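Within every chain, numbering begins at 1; the chains are lettered A, B, ... in the order of the sequence lines, protein sequences first and strands thereafter. The shown structure was predicted, so the numbers you read here are calculated from the model rather than taken from an experiment. Just so you know, these numbers use all the heavy atoms, side chains as well, and skip hydrogens, waters and symmetry mates.
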Amino acid sequence: MESKVSLNFVEEIVEKDLESGKHASIHTRFPPEPNGFLHIGHASSLCLNFGLKTKYNGKCNLRFDDTNPSTEETRYVEAIKKDIQWLGFEWDNELYTSDYFDQLYDWAVVLINKGLAYVDDSTAEEIAEQKGTPTKAGTGNDFRNRSIDENLELFKKMKDGVFDNGAKVLRAKIDMAAPNMLMRDPLIYRIKKEKHHRTGDKWNIYPMYDFAHGQSDSIEEITHSVCTLEFENHRPLYNWFIEKLDIFPSRQIEFARRNLSHTVMSKRKLLQLVNENHVSGWDDPRMPTISGYRRRGYTAASIRNFANEIGIARRENIIDVSRLEFSARQDLNKVSTRVMAVLDPLKLVITNYPKGEMEWVELENNPEDERKTAHRMPFSGELYIERADFMKDPPKKFFRLGPDRMSRLKAGYIIRCDGFEEDENGNVTQLNCTYFPESKSGQDNSGLKAKGVLHWVSIEHAETAEVRLYDRLFTDENPLGHEDKDFKEFINPDSLKVVEKAYIEPFLTNAKEGQHFQFLRMGYFTKDSDSTEDNLVFNRTVTLRDSWAKAKGK
RNA sequence: AGUCCUGUGGUGUAAUGGUGAGCAUACAAUACUUUGAAUAUUGUGGUUCAGGUUCGAGUCCUGACAGGACUACCA
């Protein structure tokens, strides 16, 4: 027997429905509107819907909710499909709400025939006015009492393009005094003479979300229709249509959308960042989009793990972005090839190393990997090390180089710093060191000990690359949480730092896009798509944990 | 103000009236370490409040308080 693991509240509902025999099997769906790219919040929905499919041996459709031709584009459809596949999910059917436009039209006619829908000639303003407020009941108008025949005729004319945009709408006839404002005769069809990305010019009218989503669920016999909390108030309407139309009773279940700290998640806001060039595009490595994270170097597994770890519930939340970074490190640690690169170089000369000589040393590819493979890197008497790895006057707790201090060059030798040179401004320009030949990595019988271990590259053999270092896009944990301030005021001016000329070991010139590297002691990196033949570009996915930096900051 | 929803360590999430409120992360410390990484061990820290029901309440009831959704021809 498997041990009882706790279920999330959706799984509980599913298990109950399966046990009671309400459903023999389950069917979920992932229903994005193709008006933008998928973001990390969608990953939770994806993991939930496809996770249910897998766990309970059911099915999950991909359905594009394309009922608003003004905002939807085929390029978004393609981007969304690519992201879902990259994350590792397989849908059973690729469907479109627009496939159901004929059926939806017929159902609207059914409602009219039942006296449950009417054509309203009022303007948008009049309708809003008559709708009342949350605390004040709405009032009806005379159009509410149109005859069935007249409604039928007018609705057909709406479809046939007789009327202009905004001239008329079709509304469900429910209750203008309902406490739930969505039940105050909601609009179900509007005239929109626009070209649709799939149906072209066929339609002059398009169904509203409420008259399309639930019905699409029914058509596909979706058993559990999971959506976010903002649709909670729509559920009575969702159920009203099912009842009046007497169609397959899909059940809507809401959960709280996952919010990440230091970013924004709504597609509208993300589109704004793209359009106003605050970022380079939907796949800018600073964006919380799936494509942004992919380009930045996150693995699909790390995103899935993150989504599964944070779980789902019905309460509001802001998940600290460090949680996502943890997931990234956890997976990257297992799959990244270790290499050396110096981002802020300081020249180091080994005075007792044979002039003009070099040798190859071995650097293990990944200490976590049982196979224990390695690659070779060139070592010589003139190296670059990281500027931060030397201090003229180091504190006791500093493990790295300083006058008369020893450190190990990773995969190489232990060295001692004998002295340094500086310019007239006191900037250190060169370190002069001696090395201990018998201390070579793997065959060390020097008896020497060095606490610090430094990464390095051989100056003569190093190649160069551009390195992009990313920080959070917003300085505020919750950029949307300030009533008096626009979220863009919190954009982090230092979210991208470019190192034009970093020195990399030659092995890295063979890097391929999609490969993951750990630049030893510097973090995880991946090759960016901006790379060209003679200009390699690397993105830093995430830094390593750095307890020294933390201790130093105190 | 009306209807609906939600309050569990800093954060996220479990506990389905019954053990000392669990897990993860974050934070702190120690060990180990040829990455100040990883790993291992340990520690700090929580049920919004007030009543009520019950042998027993994080869980059920009532009220308060706090937060959120709803007044788009968007989804």
Q | Between B:G17 and B:U53 - C1' atom distance, rounded Å | A | 11 Å
Q: For B:A14 and B:A21, measure between their C1' atoms and round to the nearest Å.
A: 10 Å
Q | Over-ring placement of A:Lys192 relative to A:Tyr206, 6.0 Å and 45° cut-offs | A | no
Q) With a 4.0 Å cut-off on heavy atoms, is A:Phe398 in touch with a base, just the backbone sugar-phosphate, or nothing at all? A) base
Q: Just compare B:U8, B:U34, B:U71 and give me whichever is closest to any side-chain atom of A:Arg315.
A: B:U8
Q: Identify whether any heavy atom of A:Phe231 sits under 4.0 Å from a base atom; if not, whether one sits that close to sugar-phosphate; answer base, sugar-phosphate or nothing.
A: base
(Q) I'd like the P distance from B:G45 over to B:G51, given in whole Å. (A) 26 Å
**Q.** Any-strand Watson-Crick or G-U partner of B:C60, both distances under 3.5 Å
**A.** B:G52
Q: Look at the side-chain N and O atoms of A:Arg184 and state whether any lies under 4.0 Å from the OP1 or OP2 oxygen of B:U71.
A: no
Q.
With a 3.5 Å limit on both atom pairs, tell me what B:A15 is paired to, counting Watson-Crick and G-U wobble, or say none.
A. none
Q) Which part of the nucleic acid does A:Leu454 contact within heavy-atom distance under 4.0 Å: base, sugar-phosphate only, or nothing? A) nothing
Q) On RNA chain B, nearest-nucleotide positions of A:Arg258 versus A:Glu12: which is more 5'? A) A:Arg258
Q. Distance between the P atoms of B:A66 and B:G18, in whole angstroms?
A. 32 Å
Q.
Less than 6.0 angstrom from the centroid, inside 45 degrees of the normal: does A:Lys269 satisfy that with respect to the ring of A:Phe487?
A. yes
Q. Honestly, is A:Lys159 close enough over A:Tyr105, meaning NZ or CZ under 6.0 Å from the six-membered ring centre and within 45° of the axis?
A. yes
Q. Any stacking of A:Tyr209 on B:A75, going by centres under 5.5 angstrom and planes within less than 30 degrees?
A. no
Q: Determine which nucleotide pairs with B:U30, using a 3.5 Å limit on both distances of a Watson-Crick or G-U wobble pair.
A: B:A40
(Q) Return whichever of A:Ile312 or A:Lys397 has its heavy-atom-nearest nucleotide of RNA chain B closer to the 5' end. (A) A:Ile312
Q) C1' atom, B:A50 versus B:G7: distance in rounded Å? A) 16 Å
Q. Expressed as a whole number of Å, how far does the P atom of B:U54 sit from that of B:A64?
A. 24 Å
Q: Taking only Lys NZ, Arg NE, NH1 and NH2, and the carboxylate oxygens of Asp or Glu, determine whether A:Arg338 and A:Glu364 approach each other closer than 4.0 Å.
A: no
Q: Kindly check if the number of other-residue, nucleotide or ligand heavy atoms within 6.0 Å of NZ (A:Lys372) is above 12?
A: yes
**Q.** B:U48 versus B:A28 - spacing of their C1' atoms, nearest Å
**A.** 28 Å
Q.
Work out how far the C1' atom of B:U3 is from that of B:G20, and round it to whole angstrom.
A. 42 Å
Q. How is A:Ser441 classified with respect to the nucleic acid when contacts are heavy atoms under 4.0 Å: base, sugar-phosphate, or nothing?
A. base
Q: May I ask you to check if A:Arg198 and A:Tyr96 form a cation-pi contact, with NZ or CZ under 6.0 angstrom from the six-membered ring centre and within 45° of the axis?
A: yes
Q) For A:Gly132, which contact category applies under a 4.0 Å heavy-atom criterion: base, sugar-phosphate, or nothing? A) sugar-phosphate
Q) What is the nucleic acid contact for A:Ala178, judged by heavy atoms within less than 4.0 Å: base, sugar-phosphate only, or nothing? A) nothing
